[in-house]
Amino acid sequence: MAGLQPVRGTRDILPDERWRHRFIEETALGVAARYGYSEIATPIFEFSDVFKRTLGDTSDIVTKEMYTFTDKGGDEVTLRPEGTAGVARMLISGGLAQDLPLKYFYRGPMFRYERPQKGRFRQFHQTGVELLGVAEPLGDIEVIALGAEILEGLGILSKSTLELNTLGNAESRSAYREELIKYFNDFRAELSEDSQDRLERNPLRILDSKNKRDREIVANAPEFADSLDTESTEFFAAVTEGLDALSISYQLNSRLVRGLDYYCHTAFEFTTEGLGAQGTVLAGGRYDGLVEQMGGTATAGVGWAAGIERLAMLAQNVPGVERSIAIIPVVPELQNKAISLAHDLRSRGFTIELGYRGNMSRRLKRANKLNAKASIILGPDELERGAATVRNLDTGNQEEVSLETLADHLKQHN
RNA sequence: GCGGGUGUAGCUCAGUUGGUUAGAGCACUAGAUUGUGGAUCUAGGGGUCGUGGGUUCAAAUCCCAUCACUCGCCCCA
């Protein structure tokens with residue numbers, strides 16, 4: 001392990017894993033496309049202000065997890081720790097607000113300076129969707145349904161729980177905040193150090209503390225529902241009714257909160273047991289205040305992000321890679337015959353492997369290791385008859401096939 | 001950033017109270033098989049025992065530090 005090693009928290013993604021990732025991305029993209037979402041890509045780094053302004057000065061992501069540096073031109077830039085901020089920035093800088101509503105899908109690497117752990121890396125990959133310009137509960141419902149359908153496609157939905165909560169509108173939230181501060185102040189000394197800190201910065205976050213004593217105190221804390229005004233209550237009711245109509249089951253969790261100010265109304269997380277401490281697999285919510293906070297005109301937004309590495313650890317039904325057909329020249333003189341046959345078959349859509357060296361035995365051995373489904377044995381004898389031997393590597397059966405009908409034969413038999 | 005566990009071959013691991021040239025299985029390479037793979041047999045390559053320092057006549061083994069991985073806290077996807 002000495003010498004060269006990847007930077008802590010980063011990893012090489014080898015073919016098997018990349019294949020899984022790709023399946024996940026393609027599944028997500030496919031479902032999103034059917035909902036009318038289009039793929040976009042924003043830069044992997046932005047001016048640091050983009051994240052500082054959107055994520056807030058109080059969040060851990062901004063205060064201690066960002067990869068920030070000054071570039072050669074003296075600009076302070078940051079490797080993106082999440083996807084939504086960049087999309088909001090794009091909406092503003094690209095003048096896209098005229099075309100609302102907009103439906104975007106994205107995927108790509110994110111960076112956070114955290115302590116690596118199971119399902120947690122410093123460079124990791126997310127896929128996500130953002131629905132911009134839809135203030136109606138229908139947007140929340142659509143986005144959740146979209147997420148659920150992707151998880152279903154990956155065979156994960158049945159192993160996960162949709163947790164759902166509302167953070168209400170701004171008025172309700174600040175009213176609740178007051179209630180919480182009032183309540184927790186009486187227990188200030190008993191709260192964990194972290195939660196005492198949270199009481200100043202972000203009292204909502206105390207609600208999802210894992211500290212035992214905190215939890216006891218939280219158990220009797222005021223309920224958000226009691227602070228919600230009529231608008232907020234009705235909005236949430238519409239969301240849950242929509243989910244009911246779609247038979248998407250969920251669990252109300254009044255302790256599910258979001259740290260950031262611009263979040264409002266619906267907050268949701270699909271969680272699972274299979275990932276240790278990192279149980280959240282797809283999470284999001286409504287962020288109507290975000291674009292305005294960044295300096296654009298007020299724009300409703302709702303979306304989610306999912307961790308690809310986490311999905312990859314859980315995905316059940318990843319298909320196998322396509323199996324190839326190996327072309328094996330029996331004698332060196334037939335090398336060129338082999339490469340032109342390979343070229344021809346590849347152009348017809350077949351996946352062809354050419355052993356690069358060795359006698360027939362070696363090449364068959366290699367074909368077997370590559371999990372090829374068949375081999376085409378090109379020998380002088382058959383070639384005189386304008387044919388080649390096709391050997392099925394699963395059954396060991398082989399037959400002579402004329403070169404003219406070779407492609408058809410392969411199509412039929414594989 | 002804080003706590004616990006673990007680092008011996010590409011992988012999974014063994015290595016007895018410190019004691020000669022550090023082992024196995026799998027994998028890899030070659031041969032048995034100059035037109036037939038998966039099985040078997042034979043041979044071979046591959047290790048500064050994570051790294052650095054210390055104790056000792058002698059360290060994979062004991063001590064310290066450090067790095068990495070891992071499980072929690074935290075944070076979240």
Side-chain angles (χ1 to χ4, degrees), chain A residues 1-11 14 24 55 58-65 81-84 107-128 147 160 192-195 197-198 202 205 208-212 214 256-260 269-272 275-284 303-314 326 328-332 334 355 358-383 388-398:
Chain A
M1 292 300 152
L4 286 179
Q5 48 184 241
V7 173
R8 184 169 201 200
T10 69
R11 311 178 308 139
L14 273 43
I24 285 155
L55 300 176
T58 58
S59 79
D60 277 26
I61 291 178
V62 166
T63 54
K64 41 192 190 198
E65 295 180 2
E82 55 95 37
T84 305
R107 54 176 154 173
M110 305 292 166
F111 305 84
R112 292 182 200 172
Y113 190 85
E114 294 184 277
R115 182 93 180 244
Q117 214 173 102
K118 182 175 188 179
R120 191 169 85 180
F121 312 98
R122 289 183 174 180
Q123 175 177 339
F124 62 104
H125 298 78
Q126 284 189 338
T127 178
S160 56
S192 67
E193 214 173 299
D194 284 331
S195 287
D197 190 40
R198 285 188 274 241
N202 213 326
R205 290 230 66 110
D208 63 357
S209 170
K210 287 184 191 170
N211 180 279
K212 193 167 162 243
D214 284 357
L256 176 65
V257 296
R258 284 286 120 88
L260 312 177
E269 284 184 21
F270 286 87
T271 60
T272 170
L275 291 176
Q278 263 62 45
T280 303
V281 96
L282 185 155
W304 51 255
I308 291 179
E309 283 84 354
R310 291 183 187 177
L311 292 172
M313 285 189 267
L314 298 164
I328 301 178
V330 172
V331 294
L334 291 175
N359 58 25
M360 187 168 170
S361 171
R362 302 211 49 69
R363 290 178 192 239
L364 267 171
K365 206 172 271 189
R366 205 171 302 126
N368 193 56
K369 186 168 301 171
L370 289 168
N371 195 28
K373 56 188 174 186
S375 62
I376 297 169
I377 297 164
L378 267 185
D381 300 347
E382 299 95 316
L383 214 50
T389 299
V390 175
R391 181 177 178 86
N392 181 315
L393 291 177
D394 290 331
T395 63
N397 297 332
Q398 64 182 43

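Here is how names work: the chains are called A, B, and so on, in the same order as the sequence lines, proteins then strands, and each is numbered from 1.
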Would you mind classifying the nucleic acid contact of A305(A) as base, sugar-phosphate or nothing, using non-hydrogen atoms under 4.0 angstrom? sugar-phosphate

R310(A) CZ to rC75(B) P, in whole Å, measures 14 Å

Whole-Å distance, R11(A) CZ to rA68(B) P, equals 16 Å

So CZ of R122(A) and CD of E65(A): to nearest 0.5 Å the spacing works out to 10.0 Å

Numerically ordered, the residues 121-128 of chain A set in heavy-atom contact under 4.0 Å with RNA chain B is F121(A), F124(A), Q126(A)

The salt bridge (Lys or Arg N to Asp or Glu O under 4.0 Å) partners of R115(A) (sequence neighbours excluded) come to none

OH of Y113(A) to CZ of R8(A), rounded to nearest 0.5 Å, is 7.0 Å

Tell me what G119(A) touches on the nucleic acid: a base, only sugar-phosphate, or nothing, going by heavy atoms under 4.0 Å. base

### Residue pair L393(A) / L364(A), side-chain heavy-atom distance below 4.5 Å
yes

_Rounded C1' spacing from rC67(B) to rU51(B) in Å_ = 7 Å

E65(A) CD to rC74(B) C1', in whole Å, measures 9 Å

**Asked** Counting distance only, does the side-chain N/O of R107(A) pair as donor-acceptor with the main-chain N or O of H125(A) below 3.5 Å?
**Response** no

ask   = Taking C-beta and beyond as the side chain, do R310(A) and T280(A) meet within less than 4.5 Å on heavy atoms?
value = yes

Sticking with atom C1', work out how far rC75(B) lies from rA58(B), rounded to a whole angstrom.
49 Å

Across every strand shown, the nucleotide meeting Watson-Crick or G-U wobble geometry with rG72(B) (both distances under 3.5 Å) is rC2(B)

Closer than 3.5 angstrom, by distance alone: can the side chain of R205(A) be matched with the main-chain N or O of R198(A) as a donor-acceptor pair?
no

Handout entry: rC74(B) versus rU66(B) - spacing of their P atoms, nearest Å
Key = 25 Å

Output for pair (L383(A) CG, L334(A) CG), nearest 0.5 Å, gives 6.0 Å

Whole-Å distance, R120(A) CZ to rC69(B) P, equals 12 Å

Q: Looking at every strand, decide which applies to G83(A) at a 4.0 Å heavy-atom threshold: base, sugar-phosphate, or nothing.
A: nothing

F111(A) atom CZ is separated from rA77(B) atom C1', nearest whole Å, by 15 Å

- Give a yes-or-no answer on whether the side chains of Q123(A) and T10(A) include a donor-acceptor pair shorter than 3.5 Å. no

Partner of rA58(B) under the Watson-Crick or G-U wobble criteria, both distances under 3.5 Å, comes out as none

When both distances are under 3.5 Å in a Watson-Crick or G-U wobble arrangement, the nucleotide paired with rG31(B) is rC41(B)

Under a 3.5 Å limit on both distances, the Watson-Crick or wobble mate of rG7(B) is rC67(B)

pair_partner(rU16(B)), Watson-Crick or wobble, both distances < 3.5 Å, evaluates to none

rU48(B) -> Watson-Crick or G-U wobble partner, both distances under 3.5 Å, gives none

W304(A) CH2 to rC76(B) C1', in whole Å, measures 16 Å

note: E114(A), atom CD; rU70(B), atom P; distance rounded to Å ~ 14 Å

* **Distance, P atom - from rA9(B) to rC49(B), rounded to whole angstrom** => 10 Å

Assign Q117(A) to base, sugar-phosphate, or nothing according to its heavy-atom contacts below 4.0 angstrom with the strands shown.
base

Task: Whole-Å P distance, rA27(B) and rU42(B) - done: 14 Å

Any side-chain heavy-atom pair of M110(A) and P81(A) under 4.5 Å: no

Same-atom distance (C1') from rG53(B) to rU12(B), integer angstrom:
31 Å

message: Work out how far the P atom of rA30(B) is from that of rU34(B), and round it to whole angstrom.
response: 14 Å

Per nearest nucleotide of RNA chain B, the residue lying toward the 5' end, E82(A) or R8(A), is R8(A)

In whole angstroms, the gap separating C1' of rU70(B) from CZ of R115(A) amounts to 10 Å

B/S/- along nucleotides 33-47 of chain B (protein heavy atoms under 4.0 Å) is --BBBB---------

The reported gap from OG1 in T395(A) to NZ in K373(A) (rounded to nearest 0.5 angstrom) is 13.0 Å

- Message: Using atom C1' in both nucleotides, what's the gap between rG46(B) and rC28(B) to the nearest angstrom?
- Response: 9 Å

